[in-house]
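The block underneath contains the structure these notes are about, expressed in structure tokens.
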Amino acid sequence: MSNFDLIIQKEALLIKKKLNDSERHVVVLEEKGKTLEAKLKETESHVLVLKQKEALKVVFSAGILGNAAIGPFNTPTTLIYTRVITNVGNAYNQNTGIFVAPVRGMYYFSFFFHAGGRHIVRLFLMKNSERILECSDHKTLNDGADNGGNAAFVELQQRDQVYVQLQPNTHVFGGSYTTTFSGFLLHQV
Amino acid sequence: MSNFDLIIQKEALLIKKKLNDSERHVVVLEEKGKTLEAKLKETESHVLVLKQKEALKVVFSAGILGNAAIGPFNTPTTLIYTRVITNVGNAYNQNTGIFVAPVRGMYYFSFFFHAGGRHIVRLFLMKNSERILECSDHKTLNDGADNGGNAAFVELQQRDQVYVQLQPNTHVFGGSYTTTFSGFLLHQV
Amino acid sequence: MSNFDLIIQKEALLIKKKLNDSERHVVVLEEKGKTLEAKLKETESHVLVLKQKEALKVVFSAGILGNAAIGPFNTPTTLIYTRVITNVGNAYNQNTGIFVAPVRGMYYFSFFFHAGGRHIVRLFLMKNSERILECSDHKTLNDGADNGGNAAFVELQQRDQVYVQLQPNTHVFGGSYTTTFSGFLLHQV
């Protein structure tokens, strides 16, 4: 071999070494890229869950259109709050008075009422066929009217029904602004 | 050409092929990197929105400093809840009694009162000039005092004003602890 | 040098140049990868914080098991709401009636009661030894019963205690469904 050939041979070896180094470098980068991609995918899925939780809005408030006493009736009667103030998610039905849980979750419900003194008042907050809360008032001829209300956080399964039930032989004032029913989804479970 | 020259020529072709492969590999990695970067940018913007939503806190509670009846007056009068318990975001103004929505959103408001029986009680929860809720009580000389309250979720536009208004010729007890007004931003819309 | 040698020499220079370019390209990619990795790490930590905030659930509601008046007593008495409806996070203790804040945060509390007219009613919502809210009713022989309630958002430090206290010489009706105490963590601070 000539001197030149020796130099070229050395050069070629050097180039092949550098090329191999470069390839190893690229492979390492590729692995790091895959790790990053996997981590990002995980983060994306966490963010998606957070966004979905944040996006699910269930909240309602309603009064009872009108200006007259409701009841007394002989049987338990679901109060139908016909004046919708808010109904995001449409879980409250203003034709039936019933809220149906769209998802399993922790919900808050409150109800307030006004009522005259000529009859007893007895309202139950019902979850399906179970009483959760009550608010009552005695009959009195000495006080024209009274107010009441109650509220609670209740865990519901999907499709559980929540409503306010007027008990037999009692009454309440069906005021558009005074007798109200509200609720919201605090968080899914 | 010599034998050596042939070998070198072959070697050079092989090196050039490997170099091209390596470059293609790098270009593919670069494209993957750009995709990752774009995806991360998207995720970052989602996280930023979630963080901003999470960071915006609007919540207040206040009573009425004092220990005396307020009213009756001849005209509708905004109740000024001067005892601030909580006022994160400063949307409630304790000098005017008015809550001003800092952003469009779904808000919750509640008010509770104590009042003597010598006069009618009639309180409206107002949104700008619109009545949202009411709580009233009759006059009675036979029951020294009564309580009442109401609550609702209300969607507000930015700058909407919410306040409790005492109706003409009615009164309420201005108790620091008993007659209260509260609200919070449930979520932006 | 032969003609071939000259070509090879040129070729070798070209290859070395391309190899250097490729290496620079890889180094740039490596830097970009590190930047992406750092950004992703930051986003991951933001998401972790959001997830942790979202995951911390503190919410309770309880009534008072039974169907009889509580009090009057000679001393201030913490009401023990023995009928737990909801107690996520176990911050409310049904044996003591006391809610203990698990973290610093903004909390909401509400209480509602029913009571007969034979005695005064006077309930305080207490934060440690400080009165936050009150709801009272006068004694009357002319109205069989009354209702009341109150609610507020209160910032608590970790370990702050919140409870409902019946004042001396007053009473309340301990109804499982009518006399209730609720609260939840709105957000950490």
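Treat the numbers as computed from the prediction; the structure is a model and nothing was measured. So that the names make sense, note that chain A is the first sequence line, chain B the second, and so on, each numbered from 1.
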**OP:** Would you name the heavy atoms of B/A152 and A/S61 that are closest together and state the gap between them?
**Re:** CA-OG, 3.4 Å
Original post:
Which heavy atom of A/L40 sits nearest a heavy atom of B/K39, and at what distance?
Top reply: CD2-CB, 3.6 Å
Subject >> Contact origin within B/Y108 toward chain A - heavy atom pairs under 4.5 Å >> reply: side chain
Original post:
Does the side chain of B/K18 come within less than 4.5 Å of A/K16's, by heavy atoms?
Top reply: no
Original post:
How about B/R118: does its CZ atom have over 12 heavy atoms from other parts shown lying under 6.0 Å from it?
Top reply: no
Subject >> Euclidean distance, A/T180 OG1 relative to B/I132 CD1, rounded to 0.5 Å >> reply: 12.0 Å
Original post:
Is it the backbone or the side chain of A/F60 that comes under 4.5 Å from a heavy atom of chain B, or both, or neither?
Top reply: backbone
Subject >> Taking every non-hydrogen atom, the tightest pair across A/A145 and B/D146 >> reply: O-OD2, 3.9 Å
Subject >> For B/S136 against A/N147, the heavy-atom pair lying closest together >> reply: O-ND2, 2.8 Å
Subject >> Separation of A/D5 CG from B/D5 CG (nearest 0.5 Å) >> reply: 6.0 Å
Original post:
Angle class for the B/H138/A/H114 ring planes (parallel below 30°, perpendicular above 60°, tilted otherwise)?
Top reply: tilted
Original post:
For A/R131, does the CZ atom have more than 12 heavy-atom neighbours from other residues, nucleotides or ligands under 6.0 Å away?
Top reply: yes
Subject >> Contact winner vs chain A - B/K139, B/K53, B/E42, heavy-atom pairs under 4.5 Å >> reply: B/K53
Original post:
Under 3.5 Å, is there a donor-acceptor pair between the side chain of B/N150 and the main chain of A/Y177?
Top reply: yes
Subject >> Spacing of A/S176 atom OG and B/E134 atom CD [to the nearest 0.5 Å] >> reply: 9.5 Å
Subject >> Heavy-atom contact with chain B under 4.5 Å, split by part of A/N87 >> reply: neither
Original post:
At their closest point, which heavy atom of B/A151 faces which heavy atom of A/S182, and how far apart are they?
Top reply: O-OG, 3.6 Å
Original post:
Looking at A/V59, A/T179, A/I85, A/L29, which has the largest count of heavy-atom pairs under 4.5 Å with chain B?
Top reply: A/V59
**OP:** Please lay out, stage by stage, how B/H25 and A/E30 fare under the test side-chain hydrogen bond (donor to acceptor under 3.5 Å, both in side chains).
**Re:** CA-CA 9 Å; B/H25 201 162; A/E30 192 175 26; 3.1 Å; yes
**OP:** Please determine, among B/D21, B/I15, B/V26, B/L125, the option with the most heavy-atom pairs under 4.5 Å with chain A.
**Re:** B/I15
Original post:
side chain to side chain contact (heavy atoms under 4.5 Å, CB included) between B/V47 and A/T43: does it pass, once the steps are laid out?
Top reply: CA-CA 10 Å; B/V47 170; A/T43 296; 5.5 Å; no
Original post:
Taking side chain as C-beta onward, heavy atoms only, is A/K57 less than 4.5 Å from B/M106?
Top reply: no
Original post:
Is there a donor-acceptor contact under 3.5 Å linking the side chains of B/H46 and A/E44?
Top reply: no
Subject >> Contacting moiety of B/E155, where chain A heavy atoms sit under 4.5 Å >> reply: backbone
**OP:** Verify ring pair (Phe, Tyr, Trp, His ring centres under 6.0 Å) between B/F153 and A/F184, making sure each step is shown before the conclusion.
**Re:** CA-CA 9 Å; B/F153 293 95; A/F184 82 105; 5.2 Å; yes
**OP:** Drop me the distance from B/F4's CZ to A/L6's CG, to the nearest 0.5 angstrom.
**Re:** 7.0 Å
**OP:** Select one option (side chain, backbone, both, neither) describing which atoms of B/I7 are under 4.5 Å from chain A's heavy atoms.
**Re:** neither
Original post:
For the atom pair CG (A/L50) and NZ (B/K51), what is the distance rounded to the nearest 0.5 Å?
Top reply: 13.0 Å
**OP:** Could you tell me which of B/L14, B/I8, B/T140 has the largest number of non-hydrogen atom pairs under 4.5 Å with chain A?
**Re:** B/T140
**OP:** State whether A/E37 and B/K32 are salt-bridged, where the test is any N-O pair (Lys NZ or Arg NE/NH1/NH2 against Asp/Glu carboxylate O) under 4.0 Å.
**Re:** no
